[in-house]
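Below, chains carry the letters A, B, ... as their sequence lines are ordered, and counting in each starts from 1.
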Amino acid sequence: MSEETKSLNFIEHIIEEDLANGLSKDKLRFRFPPEPNGYLHIGHTKAIGISFGLGETYGAPVNLRFDDTNPAKEEQEYVDAIKRDIAWLGYKWENELYSSDYFQKLYDWAIQMIKDGKAYVDSQSSEVIAKQKGTPTQVGTNGPYRNRSVEENLDLFQGMKAGEFPAGTHILRAKIDMEDPNMLMRDPMMYRIMYANHHRTGDEWCIYPMYDWTHGESDYLEQISHSLCSLEFKPHRKLYDWFKEHVYAYSKDKLPLPPKQREFARLNLSYTIMSKRKLLRLVEDGVVTGWDDPRMPTISGLRRRGYTPNSIRQFIEKVGVAKRENVIDVSLLEFCIREDLNKSANRVMAVLDPIKVVITNYPEDKEEWLEAENNQEDDSAGFRKVPFSREIYIEKEDFKEEAGNKFFRLKLGGEVRLKNAYIIKANSVVKDDKGEVTEIHCTYDEDTSKKVKGTLHWVSIRHAISVEVREYDRLFSHEAPDSNKEKSFMEFINPNSLKVRTGYLEPSLAEVKVGEQFQFQRLGYFNVDDDSKPDALVFNKTVGLRDSWAKQKPKPQNNNQNKNKQQSQQQRSAISVIQQFGKKYTNLPEEKQLKVKADIQELSKSVSYDELEPLFGTAVKKAGTRIAVMISLKILLKNGLERNNTINEFIEKALEDKNEILVTEASEI
RNA sequence: UGGCCUAUGGUGUAACUGGCAACACAUUGGUUUUUGGUACCAAAGAGUCUAGGUUCGAUCCCUAGUGGGCCAACCA
């Protein structure tokens, strides 16, 4: 019944199955539950994209729930930032909720658990409790307070709530099984005493529920049908379900739907870190200017850098959803932003590393305003005028006194087109006393119909506006900066991740506003930074253009890779390839079978009898493999191998087989 | 007494109920081009971790290995 074979991910399969088993579609409900202890980053967009995306595809509500059970780390600033980021991505939540909304309900349920003998107050120190928990390979042991009476537990727990005890003196634990192989089931903590001001509940509470006790119950209260989280919560599922069963028993009538937790692999990006704690460190240590530094993988950083909501959503879609650990290459993200901006960003001319060009046959006092197309990808984008005059800037990189004919740019005696203007020819250069070229003297030709290889961008010096341009490189020089066991991620920080310089722009950009995006032709996509002021513009480089010219130069790495590939291919022995072919053989259509047969025959030339013989013993069932062996054997015999008993036996056995192909092959010997 | 996940080209994700392993990025060519961009065309790249088993037939189901990941915060 589903639409045209658009393949589903494993979560969608689960939902489809639940729907098929009678879950009503209007019961579907999802949630995104960030802890307001930091800014959202690109990793979160995967979780956001999954839950909100599911909401969109099924027309189901998605709650935004702040998991605010640890007042020591959480702040209103983060709540605001998170809301802003999700809204910016273009997602709409059904309700804005807080785990702290449920503190009373959770407390009431905890009281019931105590009354049922399912929870108890432990009064040992955290060190002792940790010791009793055992290790993953060693069972835990029961503590001395495990069998306190219900009355005593009740009294103590109410005292905890009333603020009668100092922090750390008592905790409430669920009474499950200290010997469970899953450590989370070894009497997990439900409440701790904490005298901290909560950003929403203030000083109302001095006991705060732990994640495990809060999360599933919040899902349940909101009647979330599918609670999606990342893989590291898989071990928590057993506990999630244990708690769920108890509260379900208490409130089944009012809250009929028990939620389901399912886990997916989180997103990892090469050359970046994804831990809020570590990102906070970068901010606090001043490595970056803030959570929204354009080098940060935070949503606000990406936004400031010039990434669009659409590009990020595209990225998340392309990344997919599964359960295995993954590292996504940043090039995919870059592809997505280029693809988006290519369609939407107007083209302009800017020179970032200037060298002066004097057009000697152009009158000194003359200027012309030439027409330039804003965006050839967008017919509605229109045209603008750019000024041309005798003295212009081009990029230093675009000129060489001498160069081979693979260099399409300007060289002495060579011609090149100035984008939107004339064709110029370089005649001579002016050098300073160090021998550096300071000026290039050219003549121009009004005939623009001529074919020339290169087209350069440029700006008229007299008309250009100068601005600050910030170019970024990756923040870390290591592919996986936080995976090294000995070195801290801080040691891999790229000291040259920010490069600031002055750029010269065509005057049409004089009035730009913060956030506007452009393609600086031949250079990349740039946007106007938040720091920008009308008289002191600041641009960020979002991403460069694909540059197949730059790639031509150095590539030692590729060679290495190729070598490795070739080696591993060579190492794969002919016999194992034949075996592989055999596995599939009987399954192939006739045409392909012939081809594979030819391949096997070819490969057999480099197979020795000693390699082949062990395969004679292949199980009778594996007809394909035996056929492949038979084909191979035929070649060996043809090439002078002498028959022996083992061979004869193998052939005879094959002749009696029920597989016709095998019989045919055997009888041909 | 350890438990639970997981394994498909360089990367990521598919392959529906077992039936010729597909798509995207990256790579390499080519065509077009007033961006060495875009667009278009093409090529190359895995035979699905290993060993068994079930089956006419296994990436898919079963068993056992091996590799990787997660779990021992009064964090979430």
- Query: Is the NZ or CZ atom of A:Lys419 positioned over A:Trp458's six-membered ring, under 6.0 angstrom from the centre and within 45° of the axis?
  - Reply: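 Negative - A:Lys419 is either too far from the ring of A:Trp458 or too far off its axis.
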
Among [options], which nucleotide has an atom closest to any side-chain atom of [X]?
X: A:Arg409; options: B:U35, B:G36, B:C25; result: B:G36
X: A:Lys451; options: B:G36, B:U34, B:A73; result: B:U34
X: A:Asn326; options: B:G12, B:G2, B:U38; result: B:G12
X: A:Met210; options: B:A76, B:A26, B:G36; result: B:A76
X: A:Asn342; options: B:A73, B:A76, B:U38; result: B:U38
X: A:Leu332; options: B:G37, B:C25, B:C74; result: B:C25
X: A:Glu377; options: B:C25, B:U38, B:C74; result: B:U38
X: A:Ser331; options: B:C25, B:A76, B:U33; result: B:C25

Under 4.0 Å between a side-chain N or O of [X] and OP1 or OP2 of [N]?
X: A:Ser7; N: B:U13; answer: no
X: A:Arg546; N: B:U38; answer: yes
X: A:His13; N: B:C60; answer: no
X: A:Lys323; N: B:U6; answer: yes

Taking side chain to side chain contact (heavy atoms under 4.5 Å, CB included) as the definition, give me every residue that meets it alongside [X], ordered by chain and number, with sequence neighbours left out.
X: A:Asn21; value: A:Glu17
X: A:Thr135; value: A:Thr137, A:Gln138
X: A:Lys541; value: A:Glu471, A:Phe526

When the [atom1] atoms of [M] and [N] are compared, how many Å lie between them, rounded to an integer?
N: B:C20; M: B:U13; atom1: P; result: 23 Å
N: B:C61; M: B:U48; atom1: P; result: 15 Å
N: B:A76; M: B:U17; atom1: C1'; result: 40 Å
N: B:G29; M: B:A44; atom1: P; result: 15 Å
N: B:A14; M: B:A24; atom1: P; result: 16 Å
N: B:C49; M: B:U66; atom1: C1'; result: 8 Å
N: B:U28; M: B:G9; atom1: C1'; result: 15 Å
N: B:C70; M: B:C16; atom1: C1'; result: 30 Å

Rounded to whole angstrom units, what separation is found between the [atom1] atom of [X] and the [atom2] atom of [N]?
X: A:Ile171; N: B:C75; atom1: CD1; atom2: P; value: 10 Å
X: A:Lys234; N: B:G2; atom1: NZ; atom2: P; value: 20 Å
X: A:Asp398; N: B:U35; atom1: CG; atom2: C1'; value: 11 Å
X: A:Ile337; N: B:G37; atom1: CD1; atom2: P; value: 19 Å
X: A:Tyr145; N: B:C74; atom1: OH; atom2: P; value: 17 Å
X: A:Asn375; N: B:A39; atom1: CG; atom2: P; value: 13 Å
X: A:His199; N: B:A76; atom1: NE2; atom2: C1'; value: 13 Å
X: A:Leu410; N: B:U34; atom1: CG; atom2: C1'; value: 16 Å

How is [X] classified with respect to the nucleic acid when contacts are heavy atoms under 4.0 Å: base, sugar-phosphate, or nothing?
X: A:Arg347; result: base
X: A:Val319; result: sugar-phosphate
X: A:Phe408; result: base
X: A:Gln519; result: base
X: A:Leu545; result: base
X: A:Glu35; result: sugar-phosphate
X: A:Thr69; result: sugar-phosphate

Query raised in the report: If each of A:Leu456 and A:Asp329 is mapped to the nucleotide of RNA chain B with the nearest heavy atom, which maps nearer the 5' terminus, i.e. the 5' end?
Result: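 The residue whose closest nucleotide sits nearer the 5' end is A:Asp329.
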
**Asked** Start at the 5' end of RNA chain B and walk down; is the nucleotide closest to A:Lys46 or to A:Asp212 reached first?
**Response**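 Result: A:Lys46.
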
Any N or O donor-acceptor pair under 3.5 Å from the base of [N] to the side chain of [X]?
X: A:Gln376; N: B:U33; value: no
X: A:Glu317; N: B:G12; value: no
X: A:Arg522; N: B:G36; value: no

Restricting to side chain to side chain donor-acceptor pair (under 3.5 Å), what partner residues turn up for [X], sequence neighbours left out?
X: A:Asn420; answer: none
X: A:Gln517; answer: none
X: A:Arg192; answer: none
X: A:Ser311; answer: A:Thr308

**Report entry** Partner of A:Tyr208 under ring pair (Phe, Tyr, Trp, His ring centres under 6.0 Å), chosen from A:Phe103, A:Trp213, A:Tyr191
**Finding:**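 Only one of A:Phe103, A:Trp213, A:Tyr191 forms a ring pair (Phe, Tyr, Trp, His ring centres under 6.0 Å) with A:Tyr208, namely A:Phe103.
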
Over all heavy atoms of both residues, which pair between A:Arg65 and A:Pro34 is shortest? Give the atoms and the distance, please.
->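 Heavy atoms of A:Arg65 and A:Pro34 come nearest at O-CD, 3.2 Å.
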
Does atom [atom1] of [X] have more than 12 heavy-atom neighbours from other groups under 6.0 Å away?
X: A:Lys425; atom1: NZ; value: no
X: A:Lys131; atom1: NZ; value: no
X: A:Lys278; atom1: NZ; value: yes
X: A:Arg266; atom1: CZ; value: no

Could you pull out the protein-nucleic contacts involving nucleotides 68-72 of chain B (nitrogen or oxygen on both sides, under 3.5 Å)?
{"from": "B:G69", "atom 1": "O2'", "to": "A:Glu325", "atom 2": "OE2", "distance (Å)": "3.0"}

**OP:** Mind telling me if B:G47 is syn or anti? Syn here is a glycosidic angle within 90° of 0.
**Re:**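 Because its glycosidic torsion lies within 90° of 0, B:G47 adopts the syn conformation.
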
Read 5' to 3' with Watson-Crick or G-U pairs under 3.5 Å, [ ] for crossing pairs and | for partners on another strand, RNA chain B gives .((((((..((((.....[..)))).(((((.......))))).....(((((..]....))))))))))).....

